[in-house]
Amino acid sequence: MDKGLPFTLCVMTTMLLLRESSQTGEKNDPKMLAASKAEKGLPTLTVTTILEDPYVMVRNAELEGYCIDLLKALAAMLHFSYKVKVVGDGQYGAVSSSGNWTGMIGEILRQEADIAVAPLTVTSAREEVVSFTTPFLQTGIGILLRKDTMAQEMSFFHFLAPFSKETWTGFLFAYVLTCFCLFLVARLSPCEWNEPKNEENHFTFLNSLWFGAGALALQGVTPRPKALSVRVVAAVWWLFTIALLAAYIANFTALLSSGSEQLPIQTFEDLVKQRKLEFGTLDGSSTFYFFKNSKNPIHQMIYEYMDKRRDHVLVKTYQEAVQRVLESNYAFIGESISQDLAAARHCNLIRAPEVIGARGYGIATTQASPWTKKLSIAVLKLRESGDLDYLRNKWWESSCLHKSRDRWSPLQPQALGGLFLTLAIGLALGVIAAVVELSNKSRHAAGHAKKSCCSVFTEEMCTRLRIKEKTRQSQETSGRANA
């Protein structure tokens, strides 16, 4: 008995060591990396997936990512255990030349897996052979570009870009109107021009234009206003120009630091017309077949380009596509949600604004599977509770200071509406003040000359607004008549 006990303990220790060694070998096998969760008494599902950042990634010999977190949440809600395995051929699922399905769709059809939890696009062709749940992510087809590759030469008048055409038109109108008000108020105000017949008014229209231009350059110019009414107009114009210059400098700085205005490729039509960049997508992906089946002429041109250069422009994996965009003159056409992630991780990348072909990522199951409806309801509950949004924010966090979705746009007149209104009120106050000043002088002059105030005011207005050249001509005519 005493001799058998040590032998038994030795055998048990050896078996435990062998079992641990076997489990370690399975754990390090990339095809059998475990995000497994097996519990007694619960149904166990075999889950097939594909390695793609941030959906499924390998960290410390374990799987993690958006799809793994989603799978954990679904298992907790529906009370099932699971075993995760990476798809053997590294494909999503397409019909091969032999007529058989590849990738995750093929594994489900061959009953090598019960469900597929991955960035798997719901398409009509796939829906014919498998069943899909309600999409857990919405996406579309976009264009991923490198910023410095697509930076175009600035136009000769690029300095006008910070403001829209309407804003520049409004500014020029405000400038001319303000200068005219300076000219008018300076002529009406007695403090600025007391004796129109004997004095020279320094605020001619050309001098008024020069005065307004000097304020734009933040420079003091002559003539200097003396009357309160003229000073009101000048002060309001100075305030307007300071605010306008601040807005211009801020918007011009944002324009120079933003890549969106310098992107000549905004749409798929722009991509087809250019000749600088090659473009392609994932070989055998739903995006490729979207362009193949589309009746849109632009989409057909994209498909013909990719099909003729299939061996050169189509890529095998998403990681290869991102690397190619970073290292060469290449534009990648793919899922917009994945491109947003690439732009968030690589600050030199940007996604073009246009997105086409709205679609979704769903969980694939076998046809007539009882799990399809259960999983769809669970996905809807996760969406309603905000868990899907939480997972999206968790795994799509950006490391860039300026995210690619931020778009620069020219400053519109509506943004400066209050500034233009302030200028208009100031001009009105200046004109009113000039009229009041002239009325006060006319009232005093009417009292001394014993005339009506209105007649004196009218005479003053006619004298001050009389054109200089006409006055000289009339004087010359009267001189000749007297001779």
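Here the structure is a predicted model, which is why all the values come from computation and not from measurement. Numbers for residues simply follow the sequence, beginning at 1.
- Arg146 places a side-chain N or O within 3.5 Å of a backbone atom of Val325 that can act as its donor or acceptor partner.
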*Go through Val315 and Asp283 one step at a time and tell me if the side-chain contact (heavy atoms from CB on, under 4.5 Å) criterion holds.*
CA-CA 6 Å; Val315 294; Asp283 190 11; over 6 Å; no
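- In this structure, Asp307 does not pair ionically with Lys292, as no charged nitrogen and carboxylate oxygen lie closer than 4.0 Å.
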*Please test Trp395 against Asp53 for side-chain hydrogen bond (donor to acceptor under 3.5 Å, both in side chains), starting from the C-alpha separation and ending with a verdict.*
CA-CA 9 Å; Trp395 293 103; Asp53 187 11; over 6 Å; no
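- The pair Arg309-Glu278 fails the salt-bridge criterion, with no side-chain N (NZ, NE, NH1 or NH2) lying under 4.0 Å from an Asp/Glu carboxylate O.
- The only option from Tyr390, Trp396, Tyr361 that meets the ring-ring contact (aromatic ring centres under 6.0 Å, His included) definition with Tyr66 turns out to be Trp396.
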*Are Phe288 and Tyr303 close enough, and set up right, to give a ring pair (Phe, Tyr, Trp, His ring centres under 6.0 Å), and what steps lead you there?*
CA-CA 7 Å; Phe288 180 81; Tyr303 167 73; 5.5 Å; yes
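- Proximity of a side-chain donor or acceptor of Arg351 to a complementary backbone N or O of Asp340 within less than 3.5 Å is not detected.
- What you find for Ala352 and Gln266 is that their closest heavy atoms are CB-O, 4.1 Å.
- Ring planes of Phe205 and Phe183: perpendicular class, angle over 60° (limits at 30 and 60°).
- With Thr365 contributing its side chain and Ser369 its backbone, the two residues share no donor-acceptor pair below 3.5 Å.
- Of the possible polar contacts, none joining the Trp237 side chain to the Thr178 backbone as a donor-acceptor pair under 3.5 Å is found.
- For the pair Asp89 (side chain) and Gly103 (backbone), a donor-acceptor distance under 3.5 Å is present.
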*So Glu354 and Ile143, side-chain contact (heavy atoms from CB on, under 4.5 Å) or not? Walk me through it.*
CA-CA 8 Å; Glu354 186 181 32; Ile143 308 170; 5.7 Å; no
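- The CZ atom of Phe291 lies 13.0 Å from the CD atom of Glu304; values are rounded to the nearest 0.5 Å.
- Between the side chain of Gln274 and the backbone N or O of Lys276 there is at least one donor-acceptor pair closer than 3.5 Å.
- Asp387 places no side-chain N or O within 3.5 Å of a backbone atom of Leu382 that could act as its donor or acceptor partner.
- Remark: side-chain polar atoms of Thr372 are not paired, donor with acceptor, to backbone N or O of Thr133 under 3.5 angstrom.
- The closest donor-acceptor contact from the side chain of Thr46 to the backbone of Lys83 lies at 3.5 Å or more, if one exists at all.
- Heavy-atom contacts from other residues, nucleotides or ligands closer than 6.0 Å to NZ of Lys273 number 12 or fewer.
- Side-chain contact, Thr366 with Gln111: no donor N or O sits under 3.5 Å from an acceptor N or O.
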*How far apart are the C-alpha atoms of Phe279 and Phe332, what are their side-chain angles, what is the distance that settles it, and do they pass the side-chain contact (heavy atoms from CB on, under 4.5 Å) test?*
CA-CA 6 Å; Phe279 54 88; Phe332 173 62; over 6 Å; no
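- For the atom pair CD1 (Ile337) and OH (Tyr55), the distance works out to 4.5 Å, reported to the nearest 0.5 Å.
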*asked:* Test side-chain contact (heavy atoms from CB on, under 4.5 Å) on Thr287 and Arg359; report intermediate values, then the result.
replied: CA-CA 10 Å; Thr287 301; Arg359 56 190 48 204; 4.0 Å; yes
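- When atom types are taken as modelled, the side chain of Gln300 and the backbone of Ser294 share a donor-acceptor pair closer than 3.5 angstrom.
- Taking the ring axis of Trp168 as reference, the NZ or CZ atom of Lys165 does not stay both within 45° of it and closer than 6.0 Å to the ring centre.
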